[in-house]
Amino acid sequence: MLREAIRALAEEKIAPRAAAADENEEFPEDSYKDLVAADFHAVHVPEEYGGAGADALAAVIVIEEVARVCASTSLIPAVNKLGTVPLLLSASSELKAAYLPAVARGEGMFSYALSEAEAGSDAAAMRTRAVADGDSYVLNGTKMWITNAGVSEFYTVMAVTDPSAGARGISAFVVEKADKGVSFGPKERKLGIRASPTRTVILEDVRIPASRMIGAPGTGFKTALATLDHTRITIAAQALGIAQGALDFAVGYVKERKQFGKAIGDFQGVQFMIADMAMKLEAARQLTYAAAAKSERAMHGTPVKDLTFFSSAAKTAASDAAMEITTEAVQLLGGYGYTRDYPVERMMRDAKITQIYEGTNQIQRMVMARQILK
Ligand SMILES: Cc1cc2nc3c(=O)[nH]c(=O)nc-3n(C[C@H](O)[C@H](O)[C@H](O)COP(=O)(O)OP(=O)(O)OC[C@H]3O[C@@H](n4cnc5c(N)ncnc54)[C@H](O)[C@@H]3O)c2cc1C
């Protein structure tokens, strides 16, 4: 029922806007409003904070179905989760109560600001500083590549509070767009997910109350990594959705397109491509759903030893599958697939990011190997 409901909304409201949003590189404001009206914009927020209280698998299904028609729009539910999981995992009940209801009501989105220009895969090398001053912290630095920066009202920001302590000297904070000293760089000009703004978040003497620290001093990096264990699964979901959209389109096309006097779908060479695409997609989906079940158990306090492995494996398998499947979809449409008259070229461009963000697939393989070998 959940899938039917979100698919109907996605096909009716989001899909018709996807090509123009990509072409014009515009945040899909109307789609955000439609998601909020149907309560699909941040489904993971627990009921006690006014949210829909969806479990991790339900969140995956929502993201998957939105990504099936528009990957950029799927970053609304996905990044709302990414920005707020640090609070759900580590924040005081006061801090959760101060921010989560606003997200649940759709009054503001939440972004996640870990990366910097010189600190990507090696995120602990960050330079953004937060210095204690009485009951406040003063933040200075520039976060790079922040999804939905500028449109989000709220930001989880990781910053160094103790430069002598390495990763254990990093703390996490909630920063608001409205805080004095917060500004944003220009939109990055990207290959894909062009309707999702990616900007730097510039922090110049941003003074915030110490109560906006998420968890204890020095736990920010641990929280940032623990968050990714849950949210890499949402990137897997995004990849599955993009791949499903491309496969569905290609299947329809090969049944219609005629060459040599018959539908190209009648040729065995084409059929084998379709079979491989569907097989790889379903394998990645089952791994992602298994990872989501583990994420849900871990969120409720059950120790899940292999969550890190499963979330990295799901993200890697699904994103690699999405890149292959979307590329094959373009191939199946021939010259038409290479044009913007059909959605598969956008899906191929959109798929690429899923192999890069929330940790590149090389980093995921390092994470998986470390789990196996330890
Ligand atoms: C569109 C977009 C949106 C993003 N959104 C966010 C966001 O909302 N919040 C946020 O904090 N960040 C965000 N990011 C940042 C993203 O997570 C980083 O780009 C990513 O982690 C890679 O970091 P990097 O770009 O600095 O690449 P680098 O770390 O410089 O890596 C370059 C290459 O080297 C490889 N490499 C690096 N180290 C190793 C190693 N040890 N072994 C093998 N290979 C290695 C990488 O795999 C990659 O292929 C976003 C990025 C993009 C492009």
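Values below: every heavy atom of this structure, side chains too, minus hydrogens, waters and symmetry copies. Both counts, for ligands and for their atoms, begin at 1 and track the order of listing. Count residues from 1 along the sequence.
- By the 4.0 Å N-to-carboxylate-O rule, Glu118 lies too far from Arg127 to be salt-bridged with it.
- In this structure, atom 44 (N) of ligand 1 has protein heavy atoms in its sub-4.0 angstrom surroundings.
- Every atom of ligand 1 is numbered from 1 in the order shown, and the set under 4.0 Å from a heavy atom of Thr147 is 3 (C), 4 (C), 5 (N), 6 (C), 7 (C), 8 (O).
- The shortest contact between atom 4 (C) of ligand 1 and any protein heavy atom is with Trp145 O, 3.0 Å.
- Ligand 1 has an N or O atom lying under 3.5 Å from an N or O atom of Leu114, backbone or side chain.
- Listed by chain and residue number, Tyr342 satisfy the ring-ring contact (aromatic ring centres under 6.0 Å, His included) test with Phe249 (two or more places apart in sequence, or in another chain).
- The nearest protein heavy atom to atom 14 (N) of ligand 1 is closer than 4.0 Å.
- Of the protein's non-hydrogen atoms, Ile363 CD1, 3.9 Å is the one closest to atom 39 (C) of ligand 1.
- Distances from atom 22 (C) of ligand 1 to the heavy atoms of Ile193, Val79, Thr360 put Thr360 nearest.
- Using cut-offs of 30° and 60° on the angle between ring planes, the pair Tyr155 and Phe184 is tilted.
- Between Glu345 and Arg349, at least one side-chain N (NZ, or NE/NH1/NH2) sits under 4.0 Å from a carboxylate O, which counts as a salt bridge.
- Looking only at heavy atoms of the protein, atom 40 (C) of ligand 1 is closest to Met366 SD, 3.7 Å.
- Nearest protein neighbour of atom 49 (O) of ligand 1, counting heavy atoms only, is Gln362 OE1, 3.7 Å.
- Regarding atom 18 (C) of ligand 1, its nearest protein heavy-atom neighbour is Ser115 OG, 4.3 Å.
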**OP:** Might you work through the side-chain contact (heavy atoms from CB on, under 4.5 Å) test for Leu373 and Arg370, ending with a clear yes or no?
**Re:** CA-CA 5 Å; Leu373 296 170; Arg370 203 181 295 144; over 6 Å; no
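- In this view, Tyr137 satisfies the side-chain hydrogen bond (donor to acceptor under 3.5 Å, both in side chains) rule with no residue, not counting sequence neighbours.
- Taking the charged nitrogens against the carboxylate oxygens, Arg7 and Glu4 have no contact shorter than 4.0 Å, which rules out a salt bridge.
- Below 4.0 Å from some heavy atom of Ile356 lie the following atoms of ligand 1, by number and element: 20 (C).
- Here is the list of ligand 1 atoms found below 4.0 Å of a heavy atom in Glu358: 17 (O).
- Of the candidates Gly120, Pro197, Ala117, Ser121, Ser121 brings a heavy atom nearest to atom 37 (C) of ligand 1.
- Relative ring orientation between Tyr253 and Tyr336 is described as tilted, the plane-to-plane angle lying within the 30° to 60° band.
- At a distance under 4.0 Å, a protein heavy atom can be found next to atom 6 (C) of ligand 1.
- One finds no salt bridge joining Lys190 and Glu25 here, because no Lys/Arg side-chain nitrogen approaches an Asp/Glu carboxylate oxygen to under 4.0 Å.
- Residue Asp122 places no N or O, backbone or side chain, under 3.5 Å from any N or O of ligand 1.
- The distance criterion of under 3.5 Å between nitrogen or oxygen atoms is not met by Lys190 with respect to ligand 1.
- The protein atom (non-hydrogen) at minimum distance from atom 9 (N) of ligand 1 is Tyr112 O, 2.8 Å.
- Ring geometry for Phe154 versus Tyr99: interplanar angle over 60°, hence perpendicular rather than tilted (30 to 60°).
- A salt bridge does not link Glu358 to Lys315: none of the charged side-chain nitrogens sits closer than 4.0 Å to a carboxylate oxygen.
- Contacts of Ile353 with ligand 1, taken as heavy-atom pairs under 4.0 Å, involve the side chain alone.
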